[in-house]
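Here is the structure we will look at.
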Number of protein chains: 2
Amino acid sequence: MMTPDLSSPAALPTPALLLDEERMKQNIARLAKRAEKLSVSLRPHVKTAKSVEVARRLTGGVPGPITVSTLAEAEVFFDAGHDDILYAVGIAPQKLERVQALRARGCALVVILDCEAQAQAVVQSDVPALIEIDSDGHRGGLRPDDPALIRTGRILHDAGCLRGVMTHAGESYTVRGAIAHADFAELERKAAVSAAGALRDAGLQCPVVSVGSTPTAHAARDLTGVTELRAGVYMFFDLVMAGIDVCAVDDIALSVLTTVIGHQPTKGWTMIDAGWMALSRDRGTAAQDVDQGYGLVCDVNGHVLRDLIVSSTNQEHGIVSHRSGVDGAMPDLPVGTFLRILPNHACATAAQHDRYNVLPQDGGPIQTWPRFGGW
Amino acid sequence: MMTPDLSSPAALPTPALLLDEERMKQNIARLAKRAEKLSVSLRPHVKTAKSVEVARRLTGGVPGPITVSTLAEAEVFFDAGHDDILYAVGIAPQKLERVQALRARGCALVVILDCEAQAQAVVQSDVPALIEIDSDGHRGGLRPDDPALIRTGRILHDAGCLRGVMTHAGESYTVRGAIAHADFAELERKAAVSAAGALRDAGLQCPVVSVGSTPTAHAARDLTGVTELRAGVYMFFDLVMAGIDVCAVDDIALSVLTTVIGHQPTKGWTMIDAGWMALSRDRGTAAQDVDQGYGLVCDVNGHVLRDLIVSSTNQEHGIVSHRSGVDGAMPDLPVGTFLRILPNHACATAAQHDRYNVLPQDGGPIQTWPRFGGW
């Protein structure tokens with residue numbers, strides 16, 4: 001629990017979350033360029049970052065429009081100057097009081113919903129809303145041709161609360177390559193634009209048409225009819241994104257620093273002090289072409305140690321082994337050696353930590369950026 | 001992020017971690033009785049609880065001997081009065097400075113290790129240690145007949161740092177029923193007692209013989225030669241423990257309060273505001289006889305809704321469905337309904353929260369007990 005001000009990650013207490021600022025900057029610039037080319041505004045999702053310092057860098061160095069996944073995020077980021085916020089989890093009526101309190105303080109906070117019961121609750125609280133559209137059967141939302149869309153839209157419209165539609169093709173994570181992701185991007189666009197058209201044909205306003213997921217945002221070829229693009233994990237990337245070719249492994253900006261604490265040579269095991277508490281239980285690459293276990297192993301400088309993965313975890317223990325399972329394939333990693341683990345899922349791994357240890361671009365001392373959690 | 005002082009869980013912001021104090025009290029009493037019967041002292045592991053209030057109840061209402069998994073835990077619990085602490089993760093040489101700092105403040109902190117390199121580092125810091133013994137091939141530790149045991153013991157002994165041996169049969173989690181767990185308890189006992197005997201035969205001191213895991217602690221028939229028993233998740237229990245018959249589902253003291261936020265009736269899905277951020281990514285029951293998904297669903301009063309599980313999660317969304325997958329089998333759960341989710345793995349679920357909302361035994365207002373994380 002020390003506050004480090006150090007010139008090398010090897011001086012940090014482990015396990016510790018490291019953030020490569022240069023890689024993050026490149027990842028942010030990449031999507032900003034795409035949004036510009038596609039003529040849509042970008043509304044980054046800050047659920048992965050949960051950091052005021054990271055969020056500011058996502059919106060051009062000043063507090064800009066963001067997407068959040070909790071009201072705790074809305075409150076923290078509003079206090080940090082972000083006053084244009086989309087809360088992109090279906091609204092529970094019990095949460096409207098907190099939404100109203102933020103709006104009363106000047107936050108242009110918009111909620112999402114996908115049924116008439118929610119719409120009735122929302123209009124009673126005079127809160128603006130987007131209707132969630134189901135573009136790929138992934139989770140929530142109304143299909144664009146569901147008659148409930150117009151009924152829900154009319155409840156909102158008549159009270160002046162209808163702001164538009166939004167969709168998220170979460171299933172895009174399950175396919176690999178830019179061509180497949182572009183297909184999902186077109187699913188998102190078609191569903192959202194078609195729902196917006198249905199609302200307008202019924203005489204209802206629909207200024208906002210919001211789409212996005214990290215894979216589709218990087219692959220979309222055309223976003224005609226869309227007004228804004230959302231994405232969440234793109235500033236850090238992770239092994240799940242690398243596994244579906246949205247990024248390269250060398251683009252991953254987040255890693256967990258860990259120390260070797262033992263060996264079981266007959267089994268080819270090297271024990272580290274990063275277990276699931278530091279890495280998370282996420283096994284998002286398990287169903288991909290290459291299963292990265294609980295993470296891919298790098299040396300202290302971030303260079304991948306080929307085919308070494310965290311094959312198993314307990315709460316504060318990780319087991320590093322070679323994919324082949326053969327001990328002879330393991331490099332010499334004495335007790336006390338520092339390693340870095342690239343995460344399967346940046347959102348889940350970052351959530352296990354209360355700070356980023358930021359490796360600066362210019363090689364200066366490591367900075368500490370706090371991150372928060374809770375609801 | 002409000003501090004609730006409420007008479008019903010239905011008034012808490014969701015998702016929220018609930019702790020049933022009565023159940024916890026019964027679970028604590030159950031293992032205390034066993035330890036007494038087996039004539040061993042109990043050294044509860046507080047890695048699951050990470051709460052000063054819970055820890056005090058584990059050690060009879062006053063700060064007593066505990067086991068920890070991080071130095072952050074050692075520091076917090078020492079500040080709360082616990083001065084007899086075992087840090088039960090193989091020591092990294094870089095951590096000895098913090099260990100020494102705690103010891104200098106009066107904390108009887110003991111570390112564990114399983115190789116000569118660690119022993120050399122430990123004696124240079126004059127820190128007492130237990131040697132970790134491998135009783136079941138689960139993770140770290142030396143086999144009792146490994147010649148390195150005596151070599152490592154002698155390094156410690158000659159510097160006055162040898163305190164004893166410890167083992168943990170983590171593989172006991174993979175078998176079901178008291179008979180199978182008793183077999184693992186005997187594996188633990190035999191390995192630890194045999195290692196202690198080998199050290200003593202070599203003329204080395206070995207006062208402490210420490211064993212334990214939650215399944216073996218509840219099933220051990222005889223602990224002759226053992227001096228202390230460790231267990232971690234027993235005060236809360238969880239679906240993993242219920243799935244191997246260490247407890248009943250109705251003994252589980254921890255749950256996550258959540259709110260219904262939507263439906264996909266054609267799929268039999270009810271959406272809730274507890275995703276993996278509130279429940280964790282742990283799928284510990286996946287390999288058991290009954291796969292509980294991401295958790296078993298109860299009504300707001302904690303009564304199990306038969307065969308309803310959280311079948312899928314995203315960061316802040318859970319999908320509740322019937323095991324059969326048939327929508328007709330779902331009860332009516334309108335938007336705004338409160339539910340409680342029993343966790344697969346109490347350690348992982350609790351780690352996602354910064355407080356316990358304690359349902360008191362006497363029906364009074366809900367109390368808030370803070371919990372902490374980090375390293």
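Residue numbers start from 1 in every chain, and the chains themselves are labelled A, B, ... in the order their sequence lines are given, proteins ahead of strands.
- Considering only heavy-atom pairs separated by less than 4.5 Å from chain A, the leading option among Q315(B), M271(B), H353(B) is Q315(B).
- Neither the backbone nor the side chain of A121(A) comes within less than 4.5 Å of any heavy atom of chain B.
- Chosen from G262(B), A88(B), G141(B), G232(B), the residue pairing most often with chain A at heavy-atom distances under 4.5 Å is G141(B).
- Note on H345(B), E132(B), H263(B): by heavy-atom pairs under 4.5 Å with chain A, the leading option is H345(B).
- When side chains are defined from C-beta on, R139(A) does not count as touching Q264(B), because their heavy atoms never get closer than 4.5 Å.
- In terms of heavy-atom pairs under 4.5 Å with chain A, the best-connected choice from S280(B), G137(B), A117(B) is G137(B).
- Between L279(A) and Q352(A), the closest side-chain pair of non-hydrogen atoms is not below 4.5 Å.
- For chain B, the nearby parts of P15(A) are the backbone and the side chain; heavy atoms of each come within less than 4.5 Å.
- A distance of 9.0 Å separates NE2 of H138(A) from OG of S213(A), quoted to the nearest 0.5 Å.
- Inspection of the T14(B) and T258(B) side chains reveals no N or O donor paired with an N or O acceptor under 3.5 Å.
- Taking every heavy atom of both residues into account, Q118(B) and G90(B) meet most closely at NE2-C, 3.8 Å.
- If you measure heavy-atom distances from C347(A) to chain B, the contacts under 4.5 Å come from both the backbone and the side chain.
- Contact of S69(B) with chain A is made through backbone and side chain together, with heavy-atom distances under 4.5 Å.
- Remark: the backbone N or O of G268(A) is not paired with any side-chain donor or acceptor of S321(A) at under 3.5 angstrom.
- At a 4.5 Å heavy-atom cutoff, the contact between F338(A) and chain B is made by side-chain atoms alone.
- Residues W269(B) and H317(B) keep their aromatic ring centres 6.0 Å or farther apart.
- Contacts with chain B were tallied for N314(A), L142(A), I319(A); N314(A) has the most, counting heavy-atom pairs under 4.5 Å.
- Of the atoms belonging to E316(B), heavy atoms from both backbone and side chain fall under 4.5 Å from chain A.
- When each of T259(B), T48(B), V89(B), V335(B) is checked for heavy-atom pairs under 4.5 Å with chain A, V89(B) comes out on top.
- Using a 4.5 Å cut-off between heavy atoms, D273(A) touches chain B through its side chain atoms alone.
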Could you go through the salt bridge (Lys or Arg N to Asp or Glu O under 4.0 Å) check for K50(B) and E73(B) one step at a time? CA-CA 7 Å; K50(B) 298 211 190 219; E73(B) 289 168 41; 2.9 Å; yes

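- Geometrically, R283(A) engages Y294(A) in a cation-pi contact, judged by NZ or CZ lying under 6.0 Å from the ring centre and within 45° of the ring axis.
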